[in-house]
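See structure below.
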Amino acid sequence: MSDIYDLVVSCSLYLNVNSVLILVISAVYLGGGYFAAGEGFVTATAVMTLIYVVDRLDVTEEDEINNPGRTALVRKYHAELVGLGVVTFLLFELSLFATVFSPDVTGVATVALAHVPLVVLALYDEIKTVPLPLDSLAVAFTWGYMLVFIFVFISPLSVSVADAAGLFSGWFLIVFAGLEARNAKDVEGDREAGKVTLASRFGCRRTKQAEVALKSLGTLVLVVLSGSPVVLALLACHLGSLWFFGTLETNFRGERDGSGTAST
């Protein structure tokens, strides 16, 4: 059980919890009920789990440097993680078949659009080689894109272009800021591995300032456009849960890697 807990924490699989919370927040932002995403809860949790499992299985030089404890666990449970990836891929496909597929051009095109996150995943290694923080931008785009897709094509809500743009922009800012904050805590290893992040370019202090500014701006977008204090309260829960899980990851890395740094 200890290894399972460590895998969930170190591989960021706890983001399934946040995926659900993000969908609830987004539904309220759009004026719907808490569970307006409907079958989209399965779609989102399946595809995000798949993305993180595949990314963790693809051990890179920076993983070896920054996360030796996680890397050892991934290698130990490689077969189990591959199995989890297969299951989540099938769940993702089944959720699309049950919600948006139809045997016509529109249905096939909609299913194709749902696979954009997997295209990003397939290109992720190439994206990492670009001397810009494009990997964080790509992940933030994927989260924003998938949320818009779910509420436009899967949920029963009627979503305007303005609402979709606000939803995408708010979450893009919040996710990008969180990713670069994580990178700031691995700055020395990233520099050694040649990975370009905001922290490796501008330093940890400025990256922390950018994180606060971007998360605040993203929160402002979602709260102001929705006009809902519930959105603000739920966003506080979301950001607080990320801090909590990040603390667990810090503890894991302190015990396994002999390091006090972690991704949060």
Grouping I, L, V, M, F, W and Y whenever their side-chain heavy atoms are under 4.5 Å apart, do [X] and [Y] come out in a common cluster?
| X | Y | result |
| --- | --- | --- |
| Leu15 | Val87 | no |
| Met146 | Leu113 | yes |
| Leu242 | Leu220 | no |
| Leu94 | Val108 | no |
| Val221 | Val212 | no |

Determine the minimum heavy-atom distance between [X] and [Y], stating which atoms define it.
| X | Y | result |
| --- | --- | --- |
| Ala36 | Pro156 | O-CD, 3.3 Å |
| Glu211 | Lys208 | OE1-NZ, 3.0 Å |
| Ala46 | Phe92 | CB-N, 3.7 Å |
| Ala164 | Val148 | O-CG2, 3.6 Å |
| Glu249 | Ser12 | OE1-OG, 4.3 Å |
| Ala114 | Pro117 | O-CD, 3.2 Å |

Euclidean distance, [Y] [atom2] relative to [X] [atom1], rounded to 0.5 Å:
| X | Y | atom1 | atom2 | value |
| --- | --- | --- | --- | --- |
| Leu121 | Thr142 | CG | OG1 | 8.5 Å |
| Ser26 | Phe151 | OG | CZ | 5.0 Å |
| Ile127 | Leu137 | CD1 | CG | 9.5 Å |
| Leu23 | Ser155 | CG | OG | 10.0 Å |
| Asn18 | Met48 | CG | CE | 11.5 Å |
| Leu50 | Asp55 | CG | CG | 11.0 Å |

[Y] versus [X], side-chain donor and acceptor atoms under 3.5 Å:
| X | Y | value |
| --- | --- | --- |
| Glu180 | Thr207 | no |
| Arg56 | Ser10 | no |
| Tyr77 | Asp3 | yes |
| Asp104 | Thr106 | no |

Validation row: [X], [Y] side chains within 4.5 angstrom (heavy atoms):
| X | Y | result |
| --- | --- | --- |
| Val28 | Leu234 | yes |
| Thr247 | Asn251 | yes |
| Asp58 | Tyr124 | no |
| Val53 | Phe89 | no |
| Leu239 | Thr219 | yes |
| Phe41 | Ser95 | no |
| Ile174 | Leu222 | yes |
| Leu84 | Leu13 | yes |

Checklist entry - Ignoring hydrogens and geometry, is there a side-chain-to-backbone donor-acceptor pair from Ser241 to His238 under 3.5 Å? => result yes

Checklist entry - Do Tyr29 side-chain atoms and Leu225 backbone N/O form a donor-acceptor pair below 3.5 Å? => result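 Side chain of Tyr29 to backbone of Leu225, a donor-acceptor pair under 3.5 Å: no, none is there.
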
Next on the checklist: Please evaluate residues Thr45 and Thr88 with respect to the criterion side-chain contact (heavy atoms from CB on, under 4.5 Å), reporting the C-alpha separation (whole Å), side-chain torsions for both, the decisive distance (0.1 Å), and the verdict.
Outcome noted: CA-CA 8 Å; Thr45 54; Thr88 53; over 6 Å; no

Next on the checklist: Between Tyr34 and Val230, is the side-chain contact (heavy atoms from CB on, under 4.5 Å) condition met? List the steps.
Outcome noted: CA-CA 10 Å; Tyr34 294 121; Val230 176; 3.9 Å; yes

Checklist entry - Step by step, would you call Leu167 with Asp163 a side-chain contact (heavy atoms from CB on, under 4.5 Å)? => result CA-CA 6 Å; Leu167 181 68; Asp163 286 341; over 6 Å; no

Checklist entry - Once the angle between the rings of Phe149 and Phe153 is folded into 0 to 90°, is it parallel (under 30°), tilted (30 to 60°) or perpendicular (over 60°)? => result tilted

Checklist entry - Should the pair Tyr14 and Phe245 be assigned to parallel (<30°), tilted (30 to 60°) or perpendicular (>60°) ring geometry? => result parallel

Next on the checklist: Run Phe141 and Leu134 through side-chain contact (heavy atoms from CB on, under 4.5 Å) and show every step you take.
Outcome noted: CA-CA 10 Å; Phe141 166 82; Leu134 289 187; over 6 Å; no

